[in-house]
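All figures in this text were calculated on a predicted structure; none of them were measured in a lab. Below, chains carry the letters A, B, ... as their sequence lines are ordered, and counting in each starts from 1.
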There are 2 protein chains.
Amino acid sequence: MSSEDLTGDELVEILSALANPLRVRIVAVLAGGRDYVSHLAREIRVSRPVLHMHLKRLEAAGLIAGSLELSADGKAMKYYEVTDFCLTLTPSNLAAAAATLTPSDPLKNPPKNSTREENP
Amino acid sequence: MSSEDLTGDELVEILSALANPLRVRIVAVLAGGRDYVSHLAREIRVSRPVLHMHLKRLEAAGLIAGSLELSADGKAMKYYEVTDFCLTLTPSNLAAAAATLTPSDPLKNPPKNSTREENP
DNA sequence: GACACCTGTCGACTTTTCCTGACAGGTGAA
DNA sequence: TTCACCTGTCAGGAAAAGTCGACAGGTGTC
């Protein structure tokens, strides 16, 4: 996973996934070895609902990957591990990514007063 | 500016500064050349108060630098330009940064039900 | 004087993010 | 059955982020 292969939106999603101390810590722990949700929650002292949300966010960004497995005694365990990503952030790199950004979301701008269309 | 020189908190600040489409676009425009606030606001179609906030955020993260100058006709112009940063994000890199994170903020956890310390 | 341009800040509003507590299901062991 | 462990989800509220409009100051030109 390299910086050049990403669209601007994907890059922002990755960056906002990493823009949180707790999520950085999650990635850090998983970088030391794969782990399952409940154990990870005890490891970093957070509740499982919170951890579950952050794991989903990290997985959606493609930074970690989860797999549901069955342990030796038949219990379902969801193991997560990091994907070996490598992003390089430089001004020119960001400029290239910005060129592929969604153009300022026409979905959420106009519902205000739209009196500018009659005056080009 | 390299990834290894940063503390975990600084890294999170940089990441959260970049975790926004508008701010990525600001950096992208400034990567093409320095610019002053009002012109930049027209360039990317945002109001000046909004742009001002985002510029402060980017400057606080050390990604851009502003300098107040006087134009030829005596007007005060605040020019911003990008600093040539270069961050590399990898799992091991994040693990190293996580080791220097502020330890989960003891300032904002306890103010819930504290039946043990009604008398400090 | 009025106007156009530049700089900044303030309060109020809406939206998003984050956390909590309680809930649902499942398995195996005492 | 009861317990301990595993999985997931839901509504509710607190905090932060983002946006908007109006305000303050400055300069120079018509």
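- Between the P atom of D:dA15 and the CG atom of A:Asn20 lies a distance of 17 Å, rounded to the nearest Å.
- When rounded to the nearest whole Å, the span between CG of A:Leu55 and C1' of C:dC18 equals 15 Å.
- Protein atom CG of B:Leu15 is 15 Å distant from nucleotide atom P of D:dA17, rounded to whole Å.
- Residues forming a side chain to side chain contact (heavy atoms under 4.5 Å, CB included) with B:Ala95 (at least two apart in sequence, or on another chain): A:Ala28, A:Ala31.
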Pairs of donor and acceptor atoms involving the side chains of residues 58-78 of chain A, under 3.5 Å and at least two apart or interchain, shall be tabulated with distances.
residue: A:Glu59; atom: OE2; partner: A:Gly66; partner atom: N; Å: 3.2
residue: A:Ser67; atom: OG; partner: A:Glu69; partner atom: OE2; Å: 3.1
residue: A:Glu69; atom: OE2; partner: A:Arg34; partner atom: NH2; Å: 2.6
residue: A:Ser71; atom: OG; partner: A:Asp73; partner atom: OD1; Å: 2.4
residue: A:Ser71; atom: OG; partner: A:Lys75; partner atom: N; Å: 3.3
residue: A:Ser71; atom: OG; partner: A:Lys75; partner atom: O; Å: 3.4

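- In this entry the distance linking NE2 of A:His54 with C1' of D:dG8 reads 17 Å, nearest Å.
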Only pairs under 3.5 Å count here: list side-chain donor-acceptor contacts from residues 36-45 of chain B, not counting sequence neighbours, and write none if there are none.
residue: B:His39; atom: ND1; partner: B:Asp35; partner atom: OD1; Å: 3.0
residue: B:His39; atom: ND1; partner: B:Asp35; partner atom: OD2; Å: 2.7

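- Judged by distance alone, the side chain of B:Arg57 and the main-chain N or O of B:Ala17 form no donor-acceptor pair under 3.5 Å.
- The residue among A:Arg57 and A:Asp73 whose nearest nucleotide of DNA chain C lies closer to the 5′ end is A:Arg57.
- Partners of B:His52 according to the side chain to side chain contact (heavy atoms under 4.5 Å, CB included) rule, which considers only residues two or more places apart in sequence or in another chain, are B:Lys56.
- In this structure, the CD atom of B:Glu69 is 16 Å from the C1' atom of D:dT27, given to the nearest Å.
- Residue A:Leu22 is the one, among A:Leu22 and A:Gly74, whose nearest nucleotide of DNA chain C lies closer to the 5' end (criterion: closest heavy atom).
- Look at CG on B:Leu18: it is 12 Å from P on D:dG18, rounded to the nearest Å.
- Cluster note: B:Met53 groups with no other residue, as no ILVMFWY side-chain heavy atom lies under 4.5 Å from it.
- Spacing between atom CG of A:Leu40 and atom C1' of D:dC5 amounts to 16 Å, rounded to whole angstrom units.
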Check nucleotides 5-10 of chain C for protein N or O atoms closer than 3.5 Å to its own N or O atoms and list the pairs.
residue: C:dC6; atom: OP1; partner: B:Tyr36; partner atom: OH; Å: 3.3
residue: C:dC6; atom: OP1; partner: B:Arg42; partner atom: NH1; Å: 3.3
residue: C:dC6; atom: OP1; partner: B:Arg42; partner atom: NH2; Å: 2.9
residue: C:dC6; atom: OP2; partner: B:Arg42; partner atom: NH1; Å: 3.0
residue: C:dT7; atom: OP1; partner: B:Val37; partner atom: N; Å: 3.1
residue: C:dT7; atom: OP2; partner: B:Ser38; partner atom: N; Å: 3.0
residue: C:dT7; atom: OP2; partner: B:Ser38; partner atom: OG; Å: 2.1
residue: C:dT7; atom: O4; partner: B:Arg48; partner atom: NH1; Å: 3.2
residue: C:dT9; atom: OP2; partner: B:His52; partner atom: ND1; Å: 3.4
residue: C:dT9; atom: OP2; partner: B:His52; partner atom: NE2; Å: 3.2

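- Rounded to whole Å, atom C1' of D:dA15 lies 13 Å from atom CE of A:Met53.
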